[in-house]
Amino acid sequence: MRGLILRVPIDDPFVHITSKRYIDRVEDVAKVTVYSNLEEVELFANGVSLGKKKADDHFFRFEVPNQGETKLYAKAGECSDESVIRKVETFNEEYRLKEKGAILNWFDIETKDGYLSLNDKMSEVIKTFRGKLIFLNLAKKLMGGKKKGAGKKGGMKAMGFEINSDMMSMMGGFTVLRLFTLMGGMMNLNMTKEELLALNKKLNRIKKKK
């Protein structure tokens, strides 16, 4: 029918201050990131506006004076979110990943309510079509872009490890970050911090399946 316009529904408006668990901070000026699907975000620190920002990638970055305890309030349209940061003299070691091969502090990882991140389990990621596609492409790279062989259950081999249904089930219980840490140790193939953050950014655009 001529004149028919198909409209694709957009996500509900939201604003989210990332890394809310990263409260104790040693720096004098804290870098705070706000995630929103709206065009403009305003951030307040203890009631004082730090200005409004626009961002093409939907990550709005602010620099916040870090003295004592600071209550943060982000506003975008009719949406708002709150969090707290606190000045400390010594880095809180509870924030640091202890496992061998880890190259990220957990607060480096951007998270957004209702969307995927490196902190989600693989089983949650591969429930989504886009998440499954991302990891199929990564698996192809690990296997040199082609099948190396098939196991009894139709699996494939990558660097001597057979990837079959049993292994996939086990892998589903790990977070994405934990899985890549283990793979790095077993296969001597560590992803760089930049590569992991780029992967996290892709996951941040994928809605979790309920």
Side-chain angles (χ1 to χ4, degrees), residues 3-88 92 95 104-121 123-135 175-177 193-210:
L4 178 64
I5 300 176
L6 296 177
R7 297 187 182 275
V8 179
I10 62 173
D11 294 337
D12 293 335
F14 71 87
V15 63
H16 174 70
I17 300 174
T18 68
S19 302
K20 289 186 180 180
R21 293 183 299 160
Y22 182 24
I23 297 173
D24 296 338
R25 307 204 184 196
V26 297
E27 61 269 26
D28 294 328
V29 178
K31 297 184 183 298
V32 173
T33 301
V34 181
Y35 192 89
S36 177
N37 59 356
L38 298 175
E39 292 184 358
E40 187 175 72
V41 169
E42 184 172 12
L43 185 67
F44 296 82
N46 288 336
V48 178
S49 175
L50 299 179
K52 298 178 180 180
K53 288 185 179 290
K54 294 185 178 183
D56 292 334
D57 62 357
H58 300 293
F59 287 95
F60 303 79
R61 296 168 176 85
F62 295 85
E63 293 190 348
V64 180
N66 187 21
Q67 299 176 343
E69 185 169 286
T70 303
K71 294 182 179 179
L72 301 175
Y73 176 82
K75 182 173 175 57
E78 299 299 317
C79 304
S80 64
D81 195 23
E82 299 179 6
S83 69
V84 174
I85 61 173
R86 181 170 51 239
K87 181 73 167 71
V88 294
N92 188 340
Y95 293 161
L104 285 177
N105 292 314
W106 61 257
F107 53 77
D108 288 322
I109 300 169
E110 303 282 4
T111 61
K112 188 183 85 168
D113 291 342
Y115 288 74
L116 295 170
S117 76
L118 293 175
N119 290 327
D120 284 300
K121 290 183 178 180
S123 58
E124 291 298 313
V125 174
I126 60 178
K127 280 182 184 178
T128 69
F129 174 77
R130 289 169 62 194
K132 186 180 294 184
L133 191 61
I134 287 173
F135 283 96
T175 66
V176 178
L177 182 60
K193 177 177 179 179
E194 290 72 24
E195 287 172 332
L196 284 171
L197 291 179
L199 174 58
N200 189 66
K201 198 169 183 178
K202 290 180 181 179
L203 293 173
N204 281 166
R205 299 190 180 105
I206 304 175
K207 255 189 174 180
K208 293 181 181 180
K209 276 201 171 182
K210 296 181 180 179

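Numbers for residues simply follow the sequence, beginning at 1. Since the model is a prediction, treat every value here as computed from it, not as a measurement.
- Closest approach of Val84 and Ile23 over heavy atoms only: O-CG1, 3.7 Å.
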As a quick check of understanding, evaluate side-chain contact (heavy atoms from CB on, under 4.5 Å) for Ile134 and Ile206, giving each step before the final call. CA-CA 11 Å; Ile134 287 173; Ile206 304 175; 3.8 Å; yes
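- Lys54 places no side-chain N or O within 3.5 Å of a backbone atom of Asp56 that could act as its donor or acceptor partner.
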With a cut-off of 3.5 Å and sequence neighbours excluded, list every side-chain donor-acceptor pair involving residues 43-53.
residue: Asn46; atom: OD1; partner: Lys71; partner atom: N; Å: 2.8
residue: Asn46; atom: ND2; partner: Glu69; partner atom: O; Å: 3.4
residue: Ser49; atom: OG; partner: Glu42; partner atom: OE2; Å: 2.6
residue: Ser49; atom: OG; partner: Gly51; partner atom: N; Å: 3.1

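- With rounding to the nearest 0.5 angstrom, the OH atom of Tyr22 is 13.5 Å from the CD1 atom of Ile109.
- Under the 3.5 Å distance criterion, the side-chain polar atoms of Lys87 are matched with a main-chain donor or acceptor of Val26.
- Side-chain atoms of Val15 and Phe60, non-hydrogen and from C-beta on, never get closer than 4.5 Å to each other.
- Looking at Lys31 and Glu63, their side chains come closer than 4.5 Å, going by heavy atoms from C-beta outward.
- Within the model, atoms SG of Cys79 and CG of Asn37 stand 7.5 Å from one another, a figure rounded to the nearest 0.5 Å.
- Note: Leu177 CG to Leu199 CG = 9.5 Å, rounded to the nearest 0.5 Å.
- A distance of 10.0 Å separates NZ in Lys20 from CG in Leu72, rounded to the nearest 0.5 Å.
- The only option from Asn119, Asn204, Thr18 that meets the side chain to side chain donor-acceptor pair (under 3.5 Å) definition with Glu110 turns out to be Thr18.
- Note that CD of Glu124 and CG of Leu203 are 12.5 Å apart. Values are rounded to the nearest 0.5 Å.
- For Arg130 (side chain) and Thr128 (main-chain N/O), no donor-acceptor pair under 3.5 Å exists by modelled atom type.
- Atom CG of residue Asn66 and atom CG of residue Asp24 lie 9.5 Å apart, to the nearest 0.5 angstrom.
- Two residues are said to be in side-chain contact when any heavy atoms from C-beta on lie closer than 4.5 Å; Val176 and Leu116 fail this criterion.
- Ring orientation note: the planes of Tyr35 and Phe14 are close to parallel, at an angle under 30° on the 30°/60° scale.
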